[in-house]
Structure formats: C-alpha cells, structure tokens
J.: 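Take this structure first; my questions come after.
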Amino acid sequence: MISHQDPIHILIADDDEDDRAFFNEAINELKMNSKLTMFNDGKDLMEYLQLPDIKLPHILFLDLNMPFKNGFECLKEIRSNNRYKDVSIAIYSTSSSEKDIEDTFIEGANIYIKKPNNFTELKKIIKEVVNMNWQFHTSGLNIETFLFSV
C-alpha cells in the first residue's frame with residue numbers, strides 16, 4: 001500500500017528521448033509526490049531492477065519497441081520473478097496492434113496505453129494512471145478494461 005508521505009516511484013523505459021522528456025515534463029507539471037527514474041532501453045531497466053537494494057517502483061511505464069531488450073522481453077522477465085509481483089506495469093506504446101495488446105495482456109501487464117499525440121492528453125493519462133486504484137483495476141481485469149482510454 002502506498003502511504004501518502006512516500007513519493008510514488010515511477011519508472012519509464014522508452015528509447016525515444018523526446019517521449020521521455022515529455023513524460024518528465026508532464027510529471028513535473030502535475031506536481032505529484034513522485035520520483036521518476038528513466039531508462040532508454042530494456043537492458044538498462046532490467047539491470048536496475050536486479051540491483052539488490054533498490055526500492056521497487058509502484059508503476060512501470062514500458063515501451064514495447066526498444067533496442068537491446070524490447071518491452072515484451074522485459075515484461076516476460078519481470079512477470080516470471082515473484083520479487084516484482086506488486087509492480088504495476090503500464091505498456092506505453094505507439095502500437096495499437098491487436099496482437100501487441102493481446103500478447104502483453106496475456107503476459108501480465110496491468111494496462112495498455114497508446115501514446116497520446118499531445119501534452120495535455122499525456123498529463124491526463126499520467127494523472128489517471130498514477131491515481132488508479134490498482135487493486136480494484138487488476139482484480140476485474142479483462143481485455144476491455146486493459147486498453148486504457150481517456
């Protein structure tokens with residue numbers, strides 16, 4: 001359970017520098033009590049997550065198409081390790097392919113977000129996703145509620 005004193009720890013793994021900068025700016029503008037850690041590929045993300053004394057993130061925003069290790073590989077690796085069972089994973093991708101949506105759902109992602117085209121929409125998405133009641137959201141998870149829409 002997240003206490004209100006602790007900042008919400010958010011990770012984002014995305015190889016697109018502009019998307020990471022946008023995301024960071026949106027978090028800053030929302031003035032949430034949060035700590036954002038950014039990675040530009042899946043390999044760096046997984047190396048970080050395997051460090052023994054890190055504080056695990058509450059939410060991980062995971063891009064699918066990244067070099068070295070893609071988001072799908074990261075998702076499978078994370079979900080195969082019980083240490084990360086409480087980490088909520090939001091797939092954050094430009095892809096709206098039914099196959100990507102279905103495959104990430106089956107592999108245990110919590111929500112699928114199609115990257116928005118504008119900053120206002122991005123802020124709205126981040127705010128809603130970060131403030132989501134994850135226990136409620138994941139208990140009744142089905143493919144219809146998996147695909148996030150604002």
Side-chain angles (χ1 to χ4, degrees), residues 1-49 54-79 84 86-138 140-150:
M1 196 67 202
I2 301 171
S3 91
H4 291 293
Q5 295 84 8
D6 290 342
I8 296 170
H9 190 192
I10 302 167
L11 299 187
I12 182 168
D14 192 328
D15 63 320
D16 187 310
E17 198 176 325
D18 290 340
D19 286 351
R20 285 195 316 271
F22 243 22
F23 198 92
N24 188 25
E25 200 177 313
I27 295 255
N28 289 336
E29 277 196 22
L30 286 166
K31 294 182 179 18
M32 296 183 300
N33 181 15
S34 63
K35 174 185 185 283
L36 177 64
T37 309
M38 298 189 278
F39 301 92
N40 56 6
D41 65 59
K43 190 173 127 316
D44 288 351
L45 167 71
M46 294 313 298
E47 284 171 5
Y48 171 81
L49 286 175
I54 61 155
K55 187 174 179 344
L56 289 176
H58 299 104
I59 304 171
L60 165 60
F61 286 83
L62 190 57
D63 184 24
L64 288 179
N65 304 310
M66 295 184 290
F68 309 118
K69 188 175 280 203
N70 69 35
F72 198 71
E73 293 167 314
C74 292
L75 174 63
K76 286 171 89 159
E77 210 173 303
I78 292 167
R79 285 303 184 228
Y84 312 117
D86 294 331
V87 175
S88 297
I89 300 178
I91 300 299
Y92 182 65
S93 178
T94 52
S95 166
S96 52
S97 119
E98 296 235 339
K99 183 178 177 357
D100 286 344
I101 294 167
E102 222 165 89
D103 289 350
T104 53
F105 176 76
I106 290 165
E107 287 301 332
N110 299 96
I111 196 164
Y112 194 103
I113 302 162
K114 190 167 173 351
K115 286 184 182 178
N117 299 324
N118 68 60
F119 191 66
T120 307
E121 226 177 283
L122 175 62
K123 283 192 339 193
K124 193 172 174 190
I125 287 170
I126 292 172
K127 188 175 183 179
E128 281 194 37
V129 169
V130 169
N131 291 316
M132 189 174 276
N133 178 340
W134 285 99
Q135 283 176 317
F136 174 78
H137 180 79
T138 52
L141 197 60
N142 62 48
I143 199 79
E144 284 76 40
T145 56
F146 180 62
L147 185 57
F148 182 78
S149 55
V150 182

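All of these numbers come straight from a predicted model, not from anything done at the bench. Numbers here simply count residues along the sequence, with the first being 1.
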J.: How long is the straight-line distance from CG of Leu30 back to NZ of Lys124, given to the nearest 0.5 Å?
T.: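 One gets 12.5 Å once the value is rounded to the nearest 0.5 Å.
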J.: How about Asn65 and Asp15: do any of their side-chain heavy atoms sit closer than 4.5 Å?
T.: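 No, every pair of side-chain atoms sits at 4.5 Å or beyond.
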J.: Between NE2 of His58 and CG of Asp6, what distance do you get to the nearest 0.5 Å?
T.: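 Nearest 0.5 Å value for the NE2-CG distance: 6.5 Å.
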J.: Using the test side-chain contact (heavy atoms from CB on, under 4.5 Å), find all partners of Asp41 that sit at least two apart in sequence or belong to another chain.
T.: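 Scan of Asp41 (side-chain contact (heavy atoms from CB on, under 4.5 Å), adjacent residues dropped) gives Lys43, Asp44, Pro67, Phe68.
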J.: Here's a test for you: under side chain to side chain contact (heavy atoms under 4.5 Å, CB included), which of Leu75, Ile89, Leu62 qualifies with Thr104?
T.: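 With Thr104 as partner, side chain to side chain contact (heavy atoms under 4.5 Å, CB included) holds for just one option, Leu75.
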J.: Are the side chains of Ile27 and Met32 in touch, meaning some heavy atoms are under 4.5 Å apart?
T.: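 A side-chain contact under 4.5 Å exists here.
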J.: Does the side chain of Tyr112 come within less than 4.5 Å of Ser95's, by heavy atoms?
T.: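 Ser95 vs Tyr112: side chains touch.
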J.: Please report the shortest heavy-atom distance between Ile91 and Ala109, naming the atom on each side.
T.: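 Minimum heavy-atom separation between Ile91 and Ala109: CG1-CB, 3.6 Å.
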J.: Quick one: CD1 on Ile8 to NZ on Lys35, what's the gap to the nearest 0.5 Å?
T.: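 So the CD1 of Ile8 and the NZ of Lys35 are separated by 13.5 Å.
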J.: Hey, does Leu45 have a side-chain heavy atom less than 4.5 Å from the side chain of Leu60?
T.: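 SC-SC contact between Leu60 and Leu45 confirmed.
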J.: Quick check on Asn117: does its CG atom have over 12 non-hydrogen neighbours (other residues, nucleotides or ligands) under 6.0 Å away?
T.: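 No, because the 6.0 Å sphere around CG of Asn117 holds 12 heavy atoms or fewer from other groups.
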J.: Could you tell me whether a side-chain N or O of Glu29 sits under 3.5 Å from a main-chain N or O of Ala26, the two making a donor and an acceptor?
T.: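 Pair absent, no side-chain N/O of Glu29 close to backbone of Ala26.
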J.: Check whether any side-chain heavy atom of Leu11 lies under 4.5 Å from a side-chain heavy atom of Phe39, and answer yes or no.
T.: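 Yes, their side chains come closer than 4.5 Å.
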J.: Treating Tyr48 as the side-chain partner and Thr37 as the backbone partner, does any N or O pair qualify as donor plus acceptor under 3.5 Å?
T.: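 No: the side chain of Tyr48 does not pair with the backbone of Thr37.
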J.: Compare all side-chain heavy atoms of Leu36 with those of Phe23 and state whether any distance is below 4.5 angstrom.
T.: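 In short, these two side chains touch, coming nearer than 4.5 Å.
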J.: Taking only Lys NZ, Arg NE, NH1 and NH2, and the carboxylate oxygens of Asp or Glu, determine whether Asp16 and Lys115 approach each other closer than 4.0 Å.
T.: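 The answer is no: the pair does not qualify as a salt bridge.
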J.: Please round to the nearest 0.5 Å and tell me the distance separating atom CG of Asp18 and atom CZ of Arg20.
T.: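 The CG atom of Asp18 sits 9.0 Å away from the CZ atom of Arg20.
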J.: Rounded at 0.5 Å granularity, tell me how far CD1 in Ile126 sits from CD1 in Ile113.
T.: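 Going from CD1 on Ile126 over to CD1 on Ile113, the span is 8.5 Å.
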